[in-house]
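Contents: one structure, followed by commentary.
We're numbering straight along the sequence, starting at 1.
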Amino acid sequence: MSTEHTPQILEELDLLPLWVRRELLAQADEAATAGASAPPAAITEIIASRPDPAPTIAPRSLSSAAAVIAPPGKPDAAVEEDTAKALDHRARATRIAQLDWATLQTEVSGCTACGLCKSRSKTVFGVGNPQADWLVVGEAPGAEEDRQGEPFVGQAGKLLDSMLTSIDRSRSENVYILNTLKCRPPQNRNPEPDELALCAPFLHRQIELIQPKLIFAVGRFAVQTILGREATISSLRGKLHDYRGIPVVVSYHPAYLLRNLPDKAKAWQDLVLATQTLGDKG
Ligand code: URA
């Protein structure tokens with residue numbers, strides 16, 4: 001396994017920090033509270049392991065993370081740098097996890113955490129009723145979304161709107177729609193793991209504030225971020241999943257459906273599953 005993205009991998013495994021003194025963790029939390037960005041520098045021994053306040057992904061095996069964390073032959077300085085970055089990332093996630101809706105919006109609109117800020121026109125926070133019981137999670141803004149600052153306003157968005165209309169839902173009334181990434185990847189390329197990891201705290205905080213009763217996740221990267229694992233949409237759809245106690249229905253991305261019309265029937269089944277789930281809960 002490559003060690004290039006060690007902190008990100010550990011972050012995704014929800015196993016950070018493992019090799020950090022308690023006092024360094026306290027410093028990181030203090031820095032987060034004070035809004036400082038510089039992480040503590042030295043990392044020397046294994047003492048503490050605590051749950052991430054805003055885990056991006058469900059925990060897996062401790063031994064696999066331990067194998068990643070101190071790879072034999074990796075220079076100490078590089079390990080320190082990786083861990084400092086991970087602490088910084090953790091402090092940022094902790095701070096974001098405490099923001100209110102308006103401050104979160106401001107934070108997203110000024111975000112420079114990854115390189116996508118350089119090419120974006122507008123950040124895309126979300127649209128709809130923030131009190132809605134139904135949340136649609138998409139992937140990333142496209143060209144039109146980047147121009148308008150609103151998710152799903154292109155062709156895929158029109159299809160999403162008609163899918164929602166077919167079950168008496170709409171973005172103007174009883175649905176909130178957001179993306180996993182808040183900025184457009186250039187040329188609509190796939191999101192990079194670092195971009196997803198850096199944007200995930202915004203998504204988690206949005207969900208915590210909206211408190212939907214159902215999440216309808218469309219497309220591979222949305223599903224990967226919400227469920228914390230990589231799998232094909234076809235292997236995940238048709239059954240209920242869970243995000244911190246909220247039922248999740250997985251479906252194809254509307255942009256995919258535009259290119260694969262026969263799968264629209266399956267997307268309809270997914271909408272029915274979501275509707276029934278909400279009906280059963282409500
Ligand atoms: N695709 C998405 O996932 N989101 C958008 O906002 C537009 C297209």
Side-chain angles (χ1 to χ4, degrees), residues 54-59 101 124-140 145 150-181 196 200 202-282:
T56 49
I57 283 185
W101 190 255
V124 179
F125 185 80
V127 70
N129 178 355
Q131 266 92 46
D133 56 3
W134 181 299
L135 176 69
V136 175
V137 180
E139 296 196 323
E145 290 78 16
E150 182 171 329
F152 284 102
V153 288
Q155 284 309 309
K158 290 198 175 71
L159 176 56
L160 177 63
D161 281 341
S162 13
M163 288 164 67
L164 292 172
T165 304
S166 72
I167 52 163
D168 283 332
R169 291 199 170 257
S170 73
R171 65 176 77 197
S172 58
E173 263 179 274
N174 47 12
V175 175
Y176 196 83
I177 302 173
L178 48 73
N179 282 316
T180 309
L181 278 193
L196 288 167
F202 293 137
L203 173 71
H204 293 303
R205 186 58 181 156
Q206 283 179 299
I207 298 177
E208 208 168 342
L209 290 168
I210 296 168
Q211 295 190 324
K213 293 207 176 93
L214 183 117
I215 296 175
F216 193 71
V218 295
R220 178 173 142 220
F221 295 105
V223 169
Q224 187 179 316
T225 307
I226 292 287
L227 298 186
R229 63 194 168 110
E230 287 188 48
T232 60
I233 299 292
S234 56
S235 70
L236 294 172
R237 53 169 298 280
K239 49 194 171 236
L240 286 182
H241 302 271
D242 175 83
Y243 171 89
R244 302 181 188 179
I246 304 169
V248 178
V249 173
V250 166
S251 193
Y252 294 112
H253 193 283
Y256 165 88
L257 293 174
L258 288 172
R259 300 188 305 268
N260 298 273
L261 294 180
D263 279 339
K264 272 191 180 176
K266 293 183 188 159
W268 170 248
Q269 289 165 4
D270 300 333
L271 286 174
V272 170
L273 173 62
T275 307
Q276 284 171 350
T277 303
L278 209 53
D280 291 348
K281 272 198 103 190

Subject >> Residues that Lys264 engages under side chain to side chain contact (heavy atoms under 4.5 Å, CB included), provided they are two or more places apart >> reply: Leu159, Leu257, Leu261
Subject >> Pairing residues for Thr232 by the side chain to side chain contact (heavy atoms under 4.5 Å, CB included) criterion, not counting sequence neighbours >> reply: Ser234, Ser235
Of all heavy-atom pairs between [X] and [Y], which one has the smallest distance, and what is that distance?
{"X": "Ala255", "Y": "Ala156", "answer": "N-CB, 3.8 Å"}
{"X": "Arg169", "Y": "Asn174", "answer": "NH1-O, 2.9 Å"}
{"X": "Ala267", "Y": "Met163", "answer": "CB-CE, 4.0 Å"}
{"X": "Tyr243", "Y": "Ile226", "answer": "CD1-O, 3.4 Å"}
{"X": "Trp101", "Y": "Pro130", "answer": "CZ2-CB, 4.0 Å"}
{"X": "Ile177", "Y": "Pro151", "answer": "O-CG, 3.5 Å"}

Under the side chain to side chain contact (heavy atoms under 4.5 Å, CB included) test against [X], which residue among [options] passes?
{"X": "Pro212", "options": "Ile207, Asp133, Val137, Val248", "answer": "Ile207"}
{"X": "Asn179", "options": "Phe125, Phe202, Phe152, Phe221", "answer": "Phe152"}
{"X": "Leu160", "options": "Val218, Val136, Thr165, Val153", "answer": "Val136"}

Would you compute the distance between atom [atom1] of [X] and atom [atom2] of [Y] and round it to the nearest 0.5 angstrom?
{"X": "Glu139", "Y": "Leu196", "atom1": "CD", "atom2": "CG", "answer": "9.0 Å"}
{"X": "Lys213", "Y": "Thr277", "atom1": "NZ", "atom2": "OG1", "answer": "13.5 Å"}
{"X": "His253", "Y": "Arg259", "atom1": "NE2", "atom2": "CZ", "answer": "9.0 Å"}
{"X": "Leu209", "Y": "Gln131", "atom1": "CG", "atom2": "CD", "answer": "10.5 Å"}
{"X": "Leu236", "Y": "Arg220", "atom1": "CG", "atom2": "CZ", "answer": "12.0 Å"}
{"X": "Ser170", "Y": "Asp161", "atom1": "OG", "atom2": "CG", "answer": "8.0 Å"}

Polar side-chain atom of [X] near backbone of [Y] as donor-acceptor pair, under 3.5 Å:
{"X": "Arg171", "Y": "Leu164", "result": "no"}
{"X": "Asn129", "Y": "Val175", "result": "no"}
{"X": "Glu145", "Y": "Gly154", "result": "yes"}
{"X": "Ser251", "Y": "Ala217", "result": "no"}
{"X": "Gln269", "Y": "Arg237", "result": "no"}

Subject >> salt bridge (Lys or Arg N to Asp or Glu O under 4.0 Å) partners of Asp263, counting only residues at least two apart >> reply: Lys266
Subject >> Geometric class of the Trp134/Phe216 ring pair [parallel <30°, tilted 30-60°, perpendicular >60°] >> reply: tilted
Original post:
Where do Leu135 and Ile246 land on the side chain to side chain contact (heavy atoms under 4.5 Å, CB included) test, with the steps shown first?
Top reply: CA-CA 10 Å; Leu135 176 69; Ile246 304 169; over 6 Å; no
